[in-house]
Amino acid sequence: MNDDVLICDSGLACDTFNIITNLVFSRSNINTVRDYIRTTRRPFSCWVGPGRCTPSQSRILEENGFEFVESEKAMWLDLNQIHEVPPIENFAMRKVLSDSDVLSFAHITASNWTPPDQNVIAFYTMIAGMASKKKCPIEFFIGNYEDEPVCTAEVVMENNVAGLYNVSTRASHRRKGLGWATTMFCLLEAKKRDCTAAVLQASVEGVPLYKKIGFIDVGEYQEYRLNERFT
């Protein structure tokens, strides 16, 4: 909406894809965000990056109707540390190149919720035409295990930095090293394209895996939501 606030609105009633970020704290900016959410009557996640959310700024958010939801680790990796690794038998990664690939990607991602989140399927169906294009700034990947699509990852490569997002594995295929294999594939792919660093936002469950790979904890992302429910 301005240089101090970035609002990404998918049009869906799903705060996975409705994001508020780059927030420069002021009561005016927070009121702008709050009014926008109330007008749309859709849920949004407000993510505040490392070093941005001091105790006093958290109080401003809370005083204006936002509640703290969770925090995730901001992590960084020097890609010069990454080397080729032995492949996992019967597992292969491939780039999303068609609308049907996008739909497969969507169903794997939606399965992270119980029951599967239909908003996730709706979102990827909506962007399928863009996601499968060669010039899309985000590259989408699917991992097949024994010819079944079971893993996903999104990678943004810009200014020699790779951002990893949405690394996930179907619950039925976890504990097989597939999440590690998916992450390593993305990192090696980024290194081949002259990226020198990788960054990601890690859930509590993902932190041990990323630390094992060599990622360093460099801060925290904090999530806030407006303490109002919309129907």
Side-chain angles (χ1 to χ4, degrees), residues 6 8 16-17 19 21-22 45 47-50 70-85 87-88 91-97 101-102 104-106 108-113 120 123-124 127 130-132 134-145 149-171 173-174 176-223:
L6 175 63
C8 302
T16 300
F17 304 109
I19 305 293
T21 188
N22 199 41
S45 289
W47 286 99
V48 184
E70 64 174 336
S71 62
E72 295 188 341
K73 295 294 185 182
M75 306 192 81
W76 174 89
L77 175 69
D78 178 357
L79 285 177
N80 290 319
Q81 300 177 15
I82 296 298
H83 304 285
E84 292 288 344
V85 296
I88 291 179
F91 180 74
M93 296 291 296
R94 60 187 175 87
K95 186 177 177 180
V96 167
L97 295 173
D101 280 346
V102 177
S104 179
F105 184 103
I108 298 168
T109 305
S111 70
N112 288 314
W113 287 263
V120 173
F123 175 79
Y124 285 105
I127 69 164
M130 295 179 287
S132 59
K134 290 184 178 180
K135 293 185 178 181
C136 179
I138 305 174
E139 298 200 17
F140 299 81
F141 296 95
I142 293 174
N144 280 24
Y145 183 70
V150 296
C151 297
T152 64
E154 300 176 24
V155 186
V156 179
M157 289 176 255
E158 188 173 1
N159 297 323
N160 301 113
V161 177
L164 272 63
Y165 305 90
N166 197 17
V167 177
S168 66
T169 305
R170 285 190 187 275
H173 286 77
R174 292 172 187 164
K176 297 178 180 178
L178 303 184
W180 171 83
T182 298
T183 303
M184 291 302 298
F185 170 87
C186 294
L187 296 174
L188 289 165
E189 189 71 12
K191 185 177 180 180
K192 290 174 186 174
R193 302 198 205 175
D194 298 323
C195 288
T196 57
V199 294
L200 54 79
Q201 183 174 325
S203 64
V204 173
E205 296 82 3
V207 168
L209 167 66
Y210 297 129
K211 283 189 174 181
K212 185 177 180 180
I213 289 172
F215 278 88
I216 298 170
D217 176 359
V218 293
E220 218 174 55
Y221 287 96
Q222 295 184 345
E223 181 187 7

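Because the structure is predicted, anything quoted here is derived from the model rather than measured.
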Rounded to the nearest 0.5 Å, the CG atom of Asn166 sits from the CD1 atom of Ile138 at a distance of 10.0 Å
For Lys73 and Glu220, run side chain to side chain contact (heavy atoms under 4.5 Å, CB included): C-alpha distance rounded to whole Å, both residues' side-chain angles, the deciding distance at 0.1 Å, then the answer. CA-CA 5 Å; Lys73 295 294 185 182; Glu220 218 174 55; 4.2 Å; yes
Rounded distance (nearest 0.5 Å) linking atom CE of Met75 with atom CG of Leu209: 9.5 Å
Please name the residue in the list Tyr165, Phe105, Phe185 that meets the ring pair (Phe, Tyr, Trp, His ring centres under 6.0 Å) test with Phe141. Phe185
Mind listing the closest non-hydrogen atom pair of Leu79 and Ala190 along with its distance? CD1-CB, 4.1 Å
Side chains of Leu164 and Leu187: closer than 4.5 Å at any heavy-atom pair? yes
Close side-chain approach of Phe17 to Ile127, heavy-atom, < 4.5 Å: no
Can you give me the closest heavy-atom contact between Asp78 and Thr196, atom names plus distance? OD1-O, 3.5 Å
Examine the side chains of Ser168 and Thr152 and answer whether a donor and an acceptor come within less than 3.5 Å of each other. yes
Spacing of CG belonging to Asn144 relative to CG belonging to Leu178, to within rounding of 0.5 Å: 10.5 Å
Atom of Ile142, atom of Pro149 and distance for their closest heavy-atom approach: CG2-CB, 3.8 Å
Between CG of Asn112 and CZ of Arg170, what distance do you get to the nearest 0.5 Å? 9.0 Å
Give, for atom CG of Leu77 and atom CD1 of Ile213, the distance between the pair rounded to the nearest 0.5 Å. 8.0 Å
Do Pro50 and Tyr221 have side chains that get closer than 4.5 Å, going by heavy atoms? yes
Report, as yes or no, whether the 6.0 Å neighbourhood of atom NZ on Lys95 holds more than 12 heavy atoms from other residues, nucleotides or ligands. yes
Carefully, step by step, assess Arg94 and Asp101 under the rule side chain to side chain contact (heavy atoms under 4.5 Å, CB included). CA-CA 10 Å; Arg94 60 187 175 87; Asp101 280 346; 2.8 Å; yes
I'd like to know if the side chain of Lys191 and the backbone of Ile82 have a donor-acceptor N/O pair within less than 3.5 Å. yes
Looking at Ser45 and Glu223, what are the two nearest heavy atoms and their distance? OG-OE2, 2.6 Å
Nearest atoms (heavy-atom pairs only) where His83 meets Met184: O-CE, 4.1 Å
Do the non-hydrogen side-chain atoms of Ile108 and Tyr124 ever get within less than 4.5 Å of each other? no
Salt bridge or not between Glu139 and Arg193? Use side-chain N to carboxylate O under 4.0 Å. yes
Parallel, tilted or perpendicular: which describes the rings of Phe91 and Tyr145, with under 30° parallel and over 60° perpendicular? tilted
So how far is it from Glu154 CD to Thr109 OG1, rounded to the nearest 0.5 Å? 7.0 Å
Any side-chain heavy atom of Phe215 within less than 4.5 Å of one from Val199? no
Give the minimum heavy-atom separation between Gln81 and Gly214, together with the two atoms involved. OE1-O, 4.1 Å
Partner residues of Tyr210 under the side-chain hydrogen bond (donor to acceptor under 3.5 Å, both in side chains) criterion, sequence neighbours left out: none
Does Asn159 reach the main-chain N or O of Val161 with its side chain, forming a donor-acceptor pair under 3.5 Å? no
Indicate yes or no for a side-chain donor-acceptor contact from Asp194 to the backbone of Asn160 under 3.5 Å, with no hydrogens or angles considered. no
